[in-house]
Amino acid sequence: MTIPHAGWTDELARARLHFVTGKGGTGKTTLAAALGLALAREGRRVLLIEVEGRQGIAQLFDTEPLPYAEQRIAAVPGGGELRALHIDVEAALLEYFEMFYNLGFAGRTLRRMGAIEFATTLAPGLRDVLLTGKIKECVGRTESDGRHTYDAVVVDSPPTGRVVKFLDVTKALTDLAKTGPIRGQADGVVRLLHSGETAIHLATLLEEMPVRETVEAVAELDGADLRPGAVLVNRVRPPRLPARSVTAAADGRVDASRVRDGLASAGLKLPQATLEALVDETVEHAVRVAAEQRAREQLAEADLPTLELPDLTDGVDVAALYDLAEALTDQGVRL
């Protein structure tokens, strides 16, 4: 039986730009936030970016909706800092107008006229170029002493079904001018996204559909010459049965009399109806464990580092994000 290899590799530790994608419902926003906290340990400064307009990061950290500005969202043990940025497409385009064309006032006029929405509708690739261009600017920005402003940037990315289109800026460029500042910026984005500085991590659950979509996304990323990073397996629950008992129990072969005798030896005497319900739960648990094992074997096809995050039965709050970050750190996540 093949098991995905675990742990954060040295190659991933050298990356400075981390995208987190996944099928809807796998918790990719939560895992992006936890990854940001994990990377910010030991005095690092990390930027967590949102591009989908859902304000999911603000909800996770229980703060006001994020503006189009980088602001501190969490302190990290060891003196680290996590900042967050919600990228607004219109604001990014206005920033381009001002930065490259010195059209700050004119850009605001265009916004009032609805020209920005018209432009991004006419050239759909422009939206992704603007978003990834702002991400590139954050990754490459330096301070007066020459050091990077951020040690790492983590992006809560579009889901797996759209992530390659979002990142394949080369294709988006066919909708844009062949020359000019935005084209030049986009060429720089292409170089960054296809370099060793970038890794695309995939969030999944140990369920058939998310795992299948994860494996397909890895193949699609490979086909676009984009580098898959790690598989982040979310909401992992510990097995309650010995491994040798799972197959039999999943087939419904649970000896109720042995269960009754074992409980009796522990001083527990249960009504027959309760005993039958316990046996049924045992079978259901074994079926789930067997399905999860098959999911792990399917994930092995991706041949990527795999990190597992525990199921948080009490839900996700800020304290839980720190717990998830610690779980990632324990599995080697670092810069």
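Given the structure is predicted, the values throughout are model-derived calculations rather than measurements.
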Quick check: do [X] and [Y] have side-chain heavy atoms less than 4.5 Å from each other?
X	Y	answer
Asp128	Leu131	yes
Leu321	Thr30	yes
His285	Arg237	no
Tyr68	Ile87	yes
Arg44	Arg41	no
Thr160	Lys23	yes
Leu37	Thr329	no
Leu324	Pro310	yes

Should we say atom [atom1] of [X] is surrounded by more than 12 heavy atoms from elsewhere, each under 6.0 Å from it?
X	atom1	value
Glu64	CD	no
Asp330	CG	yes
Asp62	CG	no

Output yes when [X] and [Y] qualify as a salt bridge under the 4.0 Å nitrogen-oxygen rule, no when they do not.
X	Y	value
Glu216	Arg212	no
Arg162	Glu52	yes
Glu137	Lys134	yes
Arg235	Glu207	no

Please check: side-chain N/O of [X] versus main-chain N/O of [Y], any donor-acceptor pairing under 3.5 Å?
X	Y	result
Thr9	Gly7	no
Asp145	Arg147	yes
Arg260	Leu275	no
Asp151	Arg45	yes
Glu81	Arg72	no
Thr198	His194	no
Gln71	Ala84	no

Next item on the list: Applying side-chain contact (heavy atoms from CB on, under 4.5 Å), run through Val189 and Val129 and close with a yes or a no.
Entry: CA-CA 8 Å; Val189 170; Val129 170; 6.0 Å; no
Next item on the list: For Thr29 and Arg54, run side-chain contact (heavy atoms from CB on, under 4.5 Å): C-alpha distance rounded to whole Å, both residues' side-chain angles, the deciding distance at 0.1 Å, then the answer.
Entry: CA-CA 10 Å; Thr29 301; Arg54 296 182 296 106; 2.9 Å; yes
Check: Could you go step by step and tell me if Glu213 and Thr26 meet the side-chain contact (heavy atoms from CB on, under 4.5 Å) rule?
Finding: CA-CA 11 Å; Glu213 192 161 316; Thr26 58; over 6 Å; no
Check: Does the side-chain contact (heavy atoms from CB on, under 4.5 Å) test come out yes or no for Arg334 and Glu42, once each step is laid out?
Finding: CA-CA 9 Å; Arg334 66 198 185 280; Glu42 299 182 2; over 6 Å; no
Next item on the list: Please name all residues satisfying ring-ring contact (aromatic ring centres under 6.0 Å, His included) with His86, sequence neighbours left out, ordered by chain then number.
Entry: none
State the [atom1]-[atom2] distance between [X] and [Y], to the nearest 0.5 angstrom.
X	Y	atom1	atom2	result
Leu206	Asn234	CG	CG	9.5 Å
Glu308	Arg296	CD	CZ	4.0 Å
Leu35	Asp156	CG	CG	11.0 Å

Next item on the list: Name the orientation class of the two ring planes belonging to Phe19 and Phe166 (parallel below 30°, tilted from 30 to 60°, perpendicular beyond 60°).
Entry: perpendicular
Determine, using the 4.5 Å side-chain heavy-atom cutoff (strictly less than), whether [X] and [Y] are members of one ILVMFWY cluster.
X	Y	answer
Val164	Ile200	yes
Leu60	Val318	yes
Leu48	Leu309	yes
Leu335	Tyr322	yes
Leu278	Val254	yes

